[in-house]
Amino acid sequence: MASLVAIPATRFDATKGDARPARWSAVYAMALCSFVLVASEFLPVSLLSPIAETLRLTEGQAGQAIAISGVFAVVTSLSFSILLGRIDRRHVVLALIAMLIVSGAMVAFAPSHLIFMTGRALLGIAIGGFWSMSAAIAIRLVPEESVGKALAIMSGGTALATALAAPMGSFLGSLIGWRGAFFCVVPVAVGALVWQASALPKLPVAERQSARAMLGLLHSKAVLLGLFAVAMLFVGQFALFTYLRPFLEQVTHVGVVMLSAMLLIVGASGFVGTVVIGRFIVKRLFLTLWLLPVAMAAVAIGLALFGSSTVATALLLAVWGFAGTAAPVGWWTWLARTLPEDAEAGGGLMVAVVQLAITLGAIVGGAVYDTVGAVPEFLSSAALLGLAAIAAFAVARHDRANATL
């Protein structure tokens, strides 16, 4: 989220200048919240098979647990700031984390598919609301010269959750079952709520956000191209990633221990990707934007062809984790460069597009997986990622053309 540094402070009743005190405890509390939210969102990836067995679903139907949270996150991210008006954002953050706690408990003890999906829908509201305003809140917690550090800390919480959610979910699921794995999120969320309540200051809002500013950005060709590229990237990524566990079990034929190891490889290489990518996007942003989806498409094809080999799969997943986690960082950087004066409205659109794409990826991937199997499903993911690379290349050409005018 570091690309949202340019969010205008005029929308908030914040103290300007370097006299603003640094509230690092609140920043770290926000990072913990981002960790819990991301971990909760992607926990089903490593638990699809046991969830499907317990609730008597197919893997594709179980994968809709990610889809429904994405649907509600999309709606929330587009409307949350407008509906909330001038309500103190401190109260909003606390309410969202409380909703996360309720969601975790509902999912863990869900007696039916309906209750399970209702809990995931509440999670989607928490995700959409939190991310639609989290960067703007972080900017208000520290002096101007420390904003970059604060946002990096929050991004660290997201990267850590991306690295740990899938392997920890698989490991905990093998020890205490998928319900126990989901419930482990609840006490962590309670801790985040207590920490936020004690550390987060009042965050009054001086001006309502208008939907007109957000919709006005869609008249820009550069924005439309960029958002399309982002959409294809996340649809292709989650068409594959959502169904990685069934693939590893049914095609690679790994056991529980090796499954956890494979998912840890994805997470660890993804964490490395978030650290390393910053060195490239400063001078090679557009090269990064189209090269990473090309690498991911190549991995998807490689998994479809060589997925029966444990060694080849492990190596391919290391590349997948690196590229898949690094690519979104590049697009948030693109947003900051393209919309320095409208980063708040652009950020809302980006969150909505990403969540909608995750939803579509899970839905389309589940339908293809259930209909024709894992290998064709992974090849369809490769096609979508190839389209993302083409769109990113078009974004680069459009930017260069405008630069020469």
Side-chain angles (χ1 to χ4, degrees), residues 38-39 42-50 59 63 66 158-175 178 181 233-234 236-277 280 288 291-329 361-362 365 368-369 373-386 388-389:
V38 173
F42 297 130
L43 203 55
V45 170
S46 60
L47 298 168
L48 279 188
S49 299
E59 281 84 357
I66 290 180
T158 301
L160 187 60
T162 304
L164 295 180
M168 285 301 294
S170 176
F171 177 72
L172 290 172
S174 67
L175 293 179
W178 69 266
L233 171 69
F234 278 90
Q237 181 177 2
F238 282 89
L240 186 151
F241 187 62
T242 305
Y243 304 97
L244 185 57
R245 173 169 178 161
F247 177 87
L248 293 174
E249 291 175 331
Q250 299 168 12
V251 178
T252 315
H253 301 293
V254 300
V256 173
V257 175
M258 183 56 68
L259 173 65
S260 298
M262 290 284 192
L263 295 174
L264 184 60
I265 287 172
V266 176
S269 60
F271 186 78
V272 173
T274 60
V275 174
V276 173
I277 192 64
F280 296 94
T288 303
L291 192 58
L292 288 176
V294 167
M296 294 170 70
V299 169
I301 295 172
L303 288 172
L305 296 177
F306 308 109
S308 59
S309 168
T310 302
V311 174
T313 299
L315 293 174
L316 288 167
L317 289 181
V319 178
W320 176 271
F322 182 97
T325 309
V329 179
V368 176
Y369 195 101
V375 171
E377 201 276 322
F378 276 35
L379 291 176
S380 67
S381 168
L384 291 166
L385 289 166

(message) Please report the interatomic distance CG(Leu172) to CG(Leu43), rounded to the nearest 0.5 Å.
(response) 8.0 Å

(message) On a heavy-atom basis, which atom in Ser170 and which in Leu259 lie closest, and how many Å separate them?
(response) OG-CD2, 3.5 Å

(request) Classify the angle between the aromatic ring planes of Phe241 and Phe238 as parallel (below 30°), tilted (30 to 60°) or perpendicular (above 60°). (result) perpendicular

(request) Apply side chain to side chain contact (heavy atoms under 4.5 Å, CB included) to the pair Phe378 and Val375, showing each step before the final yes or no. (result) CA-CA 5 Å; Phe378 276 35; Val375 171; 5.9 Å; no

With a 3.5 Å cut-off and sequence neighbours excluded, list the donor-acceptor pairs that the side chains of residues 293-313 form with protein atoms.
{"unit_1": "Ser309", "atom_1": "OG", "unit_2": "Ala312", "atom_2": "N", "d": "3.2"}
{"unit_1": "Thr313", "atom_1": "OG1", "unit_2": "Gly307", "atom_2": "O", "d": "3.2"}
{"unit_1": "Thr313", "atom_1": "OG1", "unit_2": "Ser309", "atom_2": "O", "d": "2.7"}

(request) Hey, could you give me each pair passing salt bridge (Lys or Arg N to Asp or Glu O under 4.0 Å) that has a residue in residues 247-276? Not counting sequence neighbours. (result) Arg245-Glu249

(message) For Tyr369, give me all partners under ring-ring contact (aromatic ring centres under 6.0 Å, His included), at least two apart in sequence or on another chain.
(response) Tyr243

(message) Give me each pair satisfying salt bridge (Lys or Arg N to Asp or Glu O under 4.0 Å) with a member in residues 266-277, each pair once, sequence neighbours excluded.
(response) none

(message) Which heavy atom of Leu240 sits nearest to which heavy atom of Ser381, and what is that distance?
(response) CB-OG, 3.4 Å

(request) State the OG-CG distance between Ser49 and Leu47, to the nearest 0.5 angstrom. (result) 9.0 Å

(request) Measure the spacing between CE of Met168 and CG of Leu264 and express it to the nearest 0.5 Å. (result) 10.0 Å

(message) Is the shortest side-chain heavy-atom distance between Leu48 and Thr242 below 4.5 Å?
(response) yes

(request) Sequence neighbours left out, what passes side-chain contact (heavy atoms from CB on, under 4.5 Å) with Val38? Give chain and number order. (result) Phe42, Trp131, Thr158, Ala161, Thr162

(message) Could you work out, with ring-ring contact (aromatic ring centres under 6.0 Å, His included) as the rule, every residue matching Phe322, not counting sequence neighbours?
(response) none

(message) Please find the pair of heavy atoms, one from Val251 and one from Ala374, that lie closest to each other, and give the distance.
(response) CG2-CB, 4.0 Å

(request) Mind listing the closest non-hydrogen atom pair of Gly373 and Pro376 along with its distance? (result) O-CD, 3.6 Å

(request) Please identify each residue that fulfils side chain to side chain donor-acceptor pair (under 3.5 Å) with Thr288, with sequence neighbours left out. (result) none

(request) Can you see which heavy atom on Pro328 is nearest to which on Phe234, and at what distance? (result) CG-CZ, 3.6 Å

(request) List for me each residue that meets side chain to side chain donor-acceptor pair (under 3.5 Å) alongside Trp320, sequence neighbours excluded, and say none if there are none. (result) none

(request) Can you sort out the partners of Ala314 under side-chain contact (heavy atoms from CB on, under 4.5 Å), two or more places apart, ordered by chain and number? (result) Met262, Ile265

